[in-house]
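Here's the structure we're looking at; comments come further down.
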Amino acid sequence: DVKVTQSSRYLVKRTGEKVFLECVQDMDHENMFWYRQDPGLGLRLIYFSYDVKMKEKGDIPEGYSVSREKKERFSLILESASTNQTSMYLCASRPGDNYNEQFFGPGTRLTVL
Amino acid sequence: EDQVTQSPEALRLQEGESSSLNCSYTVSGLRGLFWYRQDPGKGPEFLFTLYSAGEEKEKERLKATLTKKESFLHITAPKPEDSATYLCAVGGTGGFKTIFGAGTRLFVKA
């Protein structure tokens with residue numbers, strides 16, 4: 001079975017802190033994604049990576065950056081956390097292009113105080 | 001612009017009361033239509049992929065169907081454990097993204 005793991009299930013940070021969210025997949029998938037999910041807004045794509053060191057902005061990249069140094073690991077960075085970044089963050093991986101389904105991690109519930 | 005609309009937003013059923021969830025989509029060249037189940041506080045779990053109009057797939061009490069404009073997720077004789085949010089998504093030829101709908105929250109009462 002494909003497994004996508006995220007470093008934390010719950011995280012509480014203070015405004016202005018730098019926050020790292022880590023995601024690891026074990027199936028050698030080329031593509032990895034970071035989403036945030038908010039009530040009433042559904043899943044919104046933050047960033048996408050199609051290869052090591054390659055990235056594309058999604059729909060809401062402002063205030064976020066990403067890093068993919070190894071194929072299995074995709075990190076989301078909040079350079080200076082703000083209260084409006086309080087959300088559920090979901091990582092996903094996908095083999096190949098969008099004929100294929102995505103496999104999601106369990107999510108990180110981030111609260112910024 | 002690629003778009004996915006799910007209805008209803010929420011659906012309350014009695015155990016054993018069959019019903020359907022709707023997913024209407026517009027996409028430039030459908031590559032795949034996906035159904036996911038999401039339990040509260042967890043990541044979405046993949047259910048089905050449909051690729052062309054007329055295709056159907058089944059899993060236990062769930063059956064997904066596809067036309068050129070919409071997909072239905074039929075739930076036959078649901079049980080309380082089927083309570084979850086069901087997400088529909090499409091992948092098109094216009095880019096790398098998968099476009100997700102807002103979901104239908106299903107509540108099944110015993």
Side-chain angles (χ1 to χ4, degrees), chain A residues 1-6 8-11 21 23 25 27 29-51 54-61 87-111, chain B residues 1-10 21 23-25 27-52 55 57 59 62 64 66 71 73 84-105:
Chain A
D1 278 354
V2 174
K3 192 155 188 180
V4 179
T5 57
Q6 296 184 227
S8 306
R9 291 301 309 275
Y10 300 95
L11 207 53
L21 303 181
C23 175
Q25 50 98 0
M27 283 301 290
H29 289 169
E30 298 88 348
N31 302 305
M32 296 187 76
F33 304 81
W34 274 108
Y35 296 91
R36 64 177 283 177
Q37 187 175 36
D38 301 287
L41 296 177
L43 280 164
R44 291 183 291 168
L45 181 65
I46 305 171
Y47 267 99
F48 160 68
S49 171
Y50 54 92
D51 202 349
M54 307 304 288
K55 62 186 179 186
E56 292 278 349
K57 291 181 180 179
D59 300 314
I60 52 164
S87 186
M88 169 70 98
Y89 289 87
L90 289 162
C91 175
S93 71
R94 183 183 72 197
D97 63 23
N98 55 7
Y99 285 103
N100 300 312
E101 68 272 20
Q102 295 183 27
F103 297 87
F104 284 85
T108 296
R109 172 76 63 183
L110 173 67
T111 301
Chain B
E1 182 181 342
D2 297 349
Q3 194 168 350
V4 176
T5 304
Q6 292 188 248
S7 62
E9 287 186 20
L21 281 57
C23 171
S24 297
Y25 66 92
V27 65
S28 53
L30 180 69
R31 284 186 163 174
L33 185 139
F34 311 97
W35 282 99
Y36 293 84
R37 170 192 171 125
Q38 186 175 23
D39 293 304
K42 297 187 177 180
E45 176 186 346
F46 170 71
L47 293 172
F48 304 108
T49 306
L50 302 167
Y51 292 108
S52 59
E55 191 175 1
K57 287 193 176 172
K59 181 179 180 179
L62 300 177
L66 181 65
S71 177
L73 185 65
T85 296
Y86 291 86
L87 299 174
C88 173
V90 294
T93 55
F96 59 84
K97 290 197 297 186
T98 301
I99 309 300
F100 284 84
T104 293
R105 291 170 61 196

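Order of the sequence lines sets the chain letters (A, B, ...), proteins ahead of strands, with each chain counted from 1. Owing to the predicted nature of the structure, the values given are computational and were not obtained by experimental measurement. No hydrogens, no waters, no symmetry mates; every other heavy atom, side chains included, goes into these values.
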Between [X] and chain A, which part of the residue has a heavy atom less than 4.5 Å away: side chain, backbone, both or neither?
X       : result
B:Ile99 : neither
B:Glu9  : neither
B:Tyr51 : side chain

Query raised in the report: Are A:Asp51 and A:Glu30 side-chain neighbours, meaning at least one heavy-atom pair lies under 4.5 Å?
Result: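 No, every pair of side-chain atoms sits at 4.5 Å or beyond.
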Query - Donor + acceptor pair across side chains of B:Thr98, A:Asn98 (<3.5 Å) - result: no
What part of [X] gets closer than 4.5 Å to chain B, counting heavy atoms only: side chain, backbone, both or neither?
X        : value
A:Arg44  : neither
A:Gln102 : both
A:Asp59  : side chain

In terms of relative ring orientation, are [X] and [Y] parallel, tilted or perpendicular, with 30° and 60° separating the classes?
X        : Y        : result
B:Phe96  : A:Phe48  : parallel
A:Phe104 : B:Tyr36  : perpendicular
A:His29  : A:Phe103 : tilted

Query - For chain A, the option from B:Gly92, B:Gly103, B:Gly32, B:Ala89 that forms the most heavy-atom pairs under 4.5 Å - result: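 The residue among B:Gly92, B:Gly103, B:Gly32, B:Ala89 with the greatest pair count is B:Gly92.
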Query raised in the report: Which one, B:Glu45, B:Lys42, B:Gln38, leads in non-hydrogen pairs under 4.5 Å with chain A?
Result: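 Winner by heavy-atom pair count: B:Gln38.
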Report summary line: Given A:Glu56, A:Gln6, A:Arg9, A:Arg94, the one with more heavy-atom pairs under 4.5 angstrom with chain B than any other is A:Arg94
Query raised in the report: Given A:Ile46, which of A:Tyr89, A:Phe33, A:Tyr35 fulfils the side chain to side chain contact (heavy atoms under 4.5 Å, CB included) condition?
Result: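 Among A:Tyr89, A:Phe33, A:Tyr35, the one that satisfies the side chain to side chain contact (heavy atoms under 4.5 Å, CB included) with A:Ile46 is A:Tyr89.
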Query - From A:Leu90, A:Leu110, A:Ile60, residue fulfilling side chain to side chain contact (heavy atoms under 4.5 Å, CB included) relative to A:Arg36 - result: A:Ile60
